[in-house]
There are 2 protein chains.
Amino acid sequence: MSNRFNDSTYWRAFGENDITHSAGHYLMAIDALRDEYGYARVTDVAETLEISRSAASMAISQLKRRGWVSEDRNRFLLLTEDGAEMARLVEGNFAILSKFFEEVLGAEPDVAKADACKMEHLMSLETGRRLVWLMRHVLNDSSRAADIQKVMTRFARDKEPEDPAGPDADKGSN
Amino acid sequence: MSNRFNDSTYWRAFGENDITHSAGHYLMAIDALRDEYGYARVTDVAETLEISRSAASMAISQLKRRGWVSEDRNRFLLLTEDGAEMARLVEGNFAILSKFFEEVLGAEPDVAKADACKMEHLMSLETGRRLVWLMRHVLNDSSRAADIQKVMTRFARDKEPEDPAGPDADKGSN
DNA sequence: GGCCGGAGTTAAGCATGCTTAACAAGTCGG
DNA sequence: CCGACTTGTTAAGCATGCTTAACTCCGGCC
């Protein structure tokens, strides 16, 4: 059996990500709060994310130890340079994925955002950049965009129960 | 502040997924083992996934309780109908995502597979189907495929350090 | 018949990430 | 000046998901 199941470096890498789903949202919350109010406290982050203050407190301690969050002289929360970079990465991945799901694939906005939110911290910088590039150069070309729209409209019309991988997907590839 | 940060139903939905990353791989491992050897035991799953037998044992108990795995009369592992469906969903998502990352975005095979493996259990059936459809109807059209290839070749040439979201991505959207 | 080894389970420990409860410290009002 | 509220932290508990260690159980072999 020589497929990806034999190679634990693949599937177990899930747990060794640069950033967890929740960490990404802590960073983005701090960023958004500073944008809007000029400062961010533990309590504000907890409120924004609708979790307990204690959970926010402990999680933010981790983020400080990891060098992504610091405090100003008034003990207000700051993103370090690395922290801001991670926040931008996750934010950017969310933006591009939800845009792709909605505008190219024609998914419902809610579905597009839910899927994007779950995947945002997992897509590599490299792949994210490639997707941005494609979107920019395909969608901004109105003829190509219309082309794709036509195809996806046909999808909406022809839609029938079918295997998500489809007959020509290379199942168990590697 | 009226963006997705205010709505915990979005980001916290991550933990309420239909299936976890590891559960997906347990199901796929059982499926693959039965395909190749005609049967699957706890020990075989543990070996395939390179985890301890005890971890496999406990995880598979959960999957049985969840109605995704059962046993035949010789105590060999079986996927239930629901289990097989979940396995096919995750498998299909992996196939289509890695194919998309590699063949459309032009990512390195390793990067494509790593990203796909991390995201496979998170993409909804709906979005997966749409991606399959697009791939089938865009990539199978050689002129359109060439078009995209040309764009992505230009990406490889022009590649420069840039924000993954790019200037025209709707950051903080909702 | 007894013993060994493979298969499977259970228990205890660790990390993440959440909860509630209890508590320390600072600020503000009467 | 002191009580009350706000802020932040720590502790204990729970779920997931892994580990190692210590079993049970069963089948085959001398």
Side-chain angles (χ1 to χ4, degrees), chain A residues 8-30 33 37 39-66 68-78 86 90 117-118 121-122, chain B residues 8-30 33 37 39-66 68-78 86 90 117-118 121-122:
Chain A
S8 74
T9 59
Y10 262 128
W11 82 275
R12 301 198 66 185
F14 184 78
E16 300 156 6
N17 272 312
D18 289 341
I19 187 165
T20 64
H21 179 70
S22 63
H25 282 269
Y26 284 110
L27 296 180
M28 291 189 293
I30 293 172
L33 283 162
Y37 300 112
Y39 64 89
R41 299 167 306 169
V42 169
T43 299
D44 304 320
V45 173
E47 242 169 61
T48 300
L49 297 179
E50 296 182 40
I51 55 171
S52 62
R53 275 179 304 152
S54 52
S57 173
M58 288 186 296
I60 289 169
S61 302
Q62 292 293 325
L63 297 178
K64 284 178 187 162
R65 243 170 285 161
R66 216 163 153 165
W68 283 343
V69 171
S70 60
E71 290 179 352
D72 67 13
R73 66 198 176 295
N74 295 319
R75 290 181 38 90
F76 288 145
L77 299 172
L78 290 172
M86 286 304 310
V90 176
C117 180
K118 288 172 185 175
H121 66 296
L122 295 168
Chain B
S8 73
T9 59
Y10 262 129
W11 81 275
R12 301 197 66 186
F14 184 78
E16 300 156 5
N17 271 311
D18 288 340
I19 186 165
T20 64
H21 179 70
S22 63
H25 281 271
Y26 283 111
L27 296 180
M28 291 190 293
I30 292 171
L33 284 162
Y37 300 113
Y39 64 89
R41 298 167 306 170
V42 169
T43 300
D44 303 321
V45 172
E47 241 168 62
T48 300
L49 297 179
E50 296 181 41
I51 56 170
S52 62
R53 274 177 306 152
S54 52
S57 173
M58 288 186 295
I60 289 169
S61 301
Q62 292 294 326
L63 297 177
K64 284 177 187 164
R65 243 170 284 162
R66 217 164 153 165
W68 284 342
V69 171
S70 60
E71 292 179 348
D72 67 12
R73 64 195 179 296
N74 295 318
R75 289 180 40 91
F76 288 145
L77 299 173
L78 291 172
M86 286 305 309
V90 176
C117 181
K118 288 173 184 173
H121 65 298
L122 296 169

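We name chains A, B, ... by the order of the sequence lines, and we start the count at 1 in each one.
- Contact detail for A/L33 and A/A40: the closest heavy-atom pair is CB-CB, 3.8 Å.
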- prompt: Quick one: what's the B/S/- string for nucleotides 6-19 of chain D, heavy-atom cutoff under 4.0 Å, read 5' to 3'?
  reply: -BBBB------SBB

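- A/V45 and A/Y26 make their closest contact through CG1-CD2, 3.7 Å (heavy atoms, listed as atom of the first residue, atom of the second, distance).
- Nearest approach of A/F14 to B/K118, heavy atoms of both residues: CE1-O, 3.5 Å.
- B/L49 approaches A/R12 most closely through the heavy-atom pair O-CD, 4.0 Å.
- In terms of heavy atoms, B/A23 sits closest to B/L63 at CB-CD2, 4.0 Å.
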